[in-house]
Amino acid sequence: MPANQENCFAEILCVLCDHDVQFVVAGGVAVVLHGIERLTLDLDVAVSPDRDNLRRFLAALRRLELEPRAPVPAEFILSPQRLEQLVREKNAFVFTFWSPHEPYRQVDMFLTRENSFDDLAADAQRLFVRGHSVRVASRKKLIQMKQRIEPMREKDLFDIRALTEIEENIDRRDQAESEGAG
């Protein structure tokens with residue numbers, strides 16, 4: 001990932017943490033945080049739907065000067081009914097916030113139950129980004145998310161292979177350690 005893009009994502013994550021937003025990183029940035037080198041163009045997050053949390057999320061986005069890509073007010077995300085309507089009628093999977101002046105600064109908030117905060121937070125790992133503790137979707141959840149994508153893209157296949165390889169290496173190491181201890 002280019003250094004300026006990496007810095008952009010780190011800045012966004014730190015601002016979200018500074019605003020006490022409860023969220024889980026997923027998608028390409030999560031894959032990178034798990035140690036896989038690859039390019040990603042946006043930051044995918046699952047945000048706790050608690051109304052106060054969503055308000056903190058919006059405050060963080062304002063601080064970052066990010067705005068909705070769709071022609072609707074940012075406060076749109078405070079209405080679960082409106083978000084469900086977006087999913088149902090527009091087949092929307094994410095609500096995108098971006099900077100029109102710096103289009104690579106983009107945050108996609110997941111809208112679907114399969115990628116919900118509760119589902120991803122259940123076994124998320126805590127990783128540190130510039131001294132901030134950030135929840136990151138587990139490799140297992142990332143693999144499941146990637147397997148549900150239709151149509152499957154080459155980068156999704158790459159991510160599945162790379163994440164699976166890490167999991168298998170960890171399993172082999174754990175097995176060797178348990179056999180050595182026995």
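- Looking only at side-chain heavy atoms (C-beta outward), Arg82 and Phe95 stay at 4.5 Å or farther from each other.
- Contacts of Arg172 classified as salt bridge (charged side-chain N to carboxylate O under 4.0 Å, His left out), with partners at least two apart in sequence or in another chain: none.
- Val24 and Val32 fall into different hydrophobic clusters, where Ile, Leu, Val, Met, Phe, Trp and Tyr residues are linked whenever their side-chain heavy atoms come under 4.5 Å apart, directly or through other members.
- Remark: Arg105 pairs with Glu11, Glu102 by the salt bridge (charged side-chain N to carboxylate O under 4.0 Å, His left out) rule, at least two apart or across chains.
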When the side chains of residues 117-124 are checked against the rest of the protein, which donor-acceptor pairs come out under 3.5 Å, sequence neighbours left out?
residue: Asp119; atom: OD1; partner: Lys141; partner atom: NZ; Å: 3.2
residue: Asp123; atom: OD1; partner: Ser138; partner atom: OG; Å: 3.3
residue: Asp123; atom: OD2; partner: Ser138; partner atom: OG; Å: 3.0

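- Hydrophobic clustering keeps Leu86 apart from Trp98 (ILVMFWY residues linked when any side-chain heavy atoms are closer than 4.5 Å, directly or through intermediates).
- Considering all non-hydrogen atoms of both residues, Arg38 and Phe158 come closest at CB-CE2, 4.2 Å.
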Decide yes or no on salt bridge (Lys or Arg N to Asp or Glu O under 4.0 Å) for Glu177 and Arg173, but give the supporting numbers first.
CA-CA 6 Å; Glu177 287 177 1; Arg173 185 197 67 209; 3.7 Å; yes
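- Looking only at side-chain heavy atoms (C-beta outward), Leu13 and Val25 come within less than 4.5 Å of each other.
- The side-chain hydrogen bond (donor to acceptor under 3.5 Å, both in side chains) analysis of residues 12-28, with sequence neighbours excluded, yields the pairs Asp18-His132, Gln22-Arg135.
- A distance of 12.5 Å separates CG in Leu111 from CZ in Arg88, rounded to the nearest 0.5 Å.
- For the pair Lys146 and Ile143, the minimum side-chain heavy-atom distance is 4.5 Å or more.
- Rounded to the nearest 0.5 angstrom, Glu165 CD and Ile170 CD1 are separated by 11.0 Å.
- Side-chain contact between Asp159 and Leu142 is absent, with no heavy-atom pair separated by less than 4.5 Å.
- The stretch residues 160-181 participates, sequence neighbours left out, in no ring pair (Phe, Tyr, Trp, His ring centres under 6.0 Å) pair at all.
- Counting only heavy atoms from C-beta outward, the side chains of Tyr104 and Ser99 never approach each other to under 4.5 Å.
- Considering all non-hydrogen atoms of both residues, Gly27 and Asp44 come closest at CA-OD2, 3.5 Å.
- His34 and Ala137 make their closest contact through NE2-O, 2.7 Å (heavy atoms, listed as atom of the first residue, atom of the second, distance).
- Within the structure, side-chain hydrogen bond (donor to acceptor under 3.5 Å, both in side chains) pairs that include any residue of residues 57-71 comprise Arg69-Gln106 (at least two apart or interchain).
- Met109 contributes atom CE, which lies 9.5 Å from atom CG of Leu61 (distance to the nearest 0.5 angstrom).
- Each of Leu78, Asp50, Ile77 was scored for a side chain to side chain contact (heavy atoms under 4.5 Å, CB included) with Arg55, with one residue passing: Leu78.
- Checked against salt bridge (charged side-chain N to carboxylate O under 4.0 Å, His left out), Arg153 has the following partners two or more places apart in sequence or in another chain: Asp156.
- Both Leu64 and Val47 belong to a common hydrophobic cluster when Ile, Leu, Val, Met, Phe, Trp and Tyr are linked at side-chain heavy-atom distances under 4.5 angstrom.
- In terms of the salt bridge (charged side-chain N to carboxylate O under 4.0 Å, His left out) criterion, Arg148 has no residue partners (sequence neighbours excluded).
- With sequence neighbours left out, Asn91 forms a side chain to side chain contact (heavy atoms under 4.5 Å, CB included) with no residue at all.
- With sequence neighbours left out, Phe57 forms a ring pair (Phe, Tyr, Trp, His ring centres under 6.0 Å) with Phe97.
- Every residue two or more places apart in sequence or in another chain was checked for a side chain to side chain contact (heavy atoms under 4.5 Å, CB included) with Arg113, and none qualifies.
- One finds the CG atom of Asn169 at 11.0 Å from the OG1 atom of Thr164 (value rounded to the nearest 0.5 Å).
- In terms of hydrophobic clustering, with Ile, Leu, Val, Met, Phe, Trp and Tyr side chains grouped at heavy-atom distances under 4.5 Å, Val29 and Val136 are assigned to a common cluster.
- The distance from the CZ atom of Phe23 to the OG atom of Ser48 is 12.0 Å, given to the nearest 0.5 Å.
- Going from atom CD1 of Ile149 over to atom NZ of Lys155 covers 8.0 Å, rounded to the nearest 0.5 Å.
- Checked by atom type and distance alone, the side chain of Ser79 never pairs as donor or acceptor with a backbone atom of Phe76 at under 3.5 Å.
- The minimum heavy-atom distance between Leu16 and Ala60, with the atom names listed, is CD2-CB, 3.8 Å.
- What you find for Leu33 and Leu127 is that their closest heavy atoms are O-CD1, 3.6 Å.
- By the side chain to side chain contact (heavy atoms under 4.5 Å, CB included) test, Glu89 pairs with Gln85, sequence neighbours left out.
- Residues Val45 and Leu66 are members of one and the same hydrophobic cluster, defined by side-chain heavy-atom contacts under 4.5 angstrom among Ile, Leu, Val, Met, Phe, Trp and Tyr.
- Scanning both residues, Ala92 and Thr112, for their nearest heavy atoms gives O-CG2, 4.2 Å.
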